[in-house]
Novice: 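Sending over a structure as structure tokens; questions will come in a sec.
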Amino acid sequence: MANPQRGEVVLEAGGERHVLCLTLGALAEIEALTGAKEMSEIGPKLASLSASGMLDLLSILLRAGGSGADARALAITPAEAAKAIARTFEAAAQ
């Protein structure tokens, strides 16, 4: 069960529910993933992620949400992954 007060989002994939969350630790991992030197650089860098980068980003958000799932093993489309990532960032901004 996702906790919306914490900014958690549910991703349903392969008949299973996975929780995604953007935590401070996840944000630090995302900075490293994108090579961003400051937070204002993250958005533009995320817009140009490769498929592999998107999977890495999804894995970061899954770990932060407490899921042990490997993003590479999830049966989801690129559009579903992008929507879940966007929803997670939106939930964190609430």
Novice: Nearest 0.5 angstrom please: Glu90 CD to Ile85 CD1, how far?
Specialist: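 Spacing of CD (Glu90) from CD1 (Ile85) equals 12.0 Å.
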Novice: Find out if a path of hydrophobic residues (ILVMFWY) with successive side-chain heavy-atom gaps under 4.5 Å connects Leu62 to Ile60.
Specialist: yes
Novice: I want to check something: taking the side chain as every heavy atom from C-beta on, are Leu46 and Ile30 in contact at a cut-off of under 4.5 Å?
Specialist: yes
Novice: List the atom of Cys21, the atom of Ala26, and the distance in Å for their closest heavy-atom pair.
Specialist: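 Heavy atoms only, the tightest pair is O-CB, 4.2 Å.
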Novice: Between Arg6 (side chain) and Gly65 (backbone), is there a donor-acceptor pair under 3.5 Å?
Specialist: no
Novice: Enter the distance from Met54:CE to Ile76:CD1 here, rounded to the nearest 0.5 Å.
Specialist: 9.0 Å
Novice: If you measure from CG on Leu22 to CZ on Arg87, what distance do you get to the nearest 0.5 Å?
Specialist: 14.0 Å
Novice: Is the closest side-chain heavy-atom distance between Leu74 and Leu11 below 4.5 Å?
Specialist: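 Result yes, sub-4.5 Å side-chain heavy-atom pair found.
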Novice: What's the shortest heavy-atom distance between Ser67 and His18, and which atoms?
Specialist: OG-ND1, 3.6 Å
Novice: Would you say Glu8's side chain and Ala2's backbone share a donor-acceptor pair under 3.5 angstrom?
Specialist: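 No; zero donor-acceptor contacts below 3.5 Å.
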Novice: What is the minimum heavy-atom distance between Ser59 and Asp70, and which atoms define it?
Specialist: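 So the two residues come closest at OG-OD1, 4.2 Å.
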Novice: Side-chain heavy atoms nearer than 4.5 Å, only ILVMFWY residues, links allowed to pass through others: does that put Ile42 and Leu55 together?
Specialist: no
Novice: Does atom CD of Glu38 have more than 12 heavy-atom neighbours from other groups under 6.0 Å away?
Specialist: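 Above 12, so yes.
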Novice: Quick one: CZ on Phe89 to CG on Leu20, what's the gap to the nearest 0.5 Å?
Specialist: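 Result: 10.5 Å between the selected atoms.
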Novice: For the residue pair Met39 and Leu27, establish whether any side-chain heavy-atom pair is separated by less than 4.5 Å.
Specialist: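 They are in side-chain contact.
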Novice: Test side chain to side chain contact (heavy atoms under 4.5 Å, CB included) on Asp56 and Arg72 and set out the steps.
Specialist: CA-CA 9 Å; Asp56 290 341; Arg72 285 170 169 71; 3.0 Å; yes
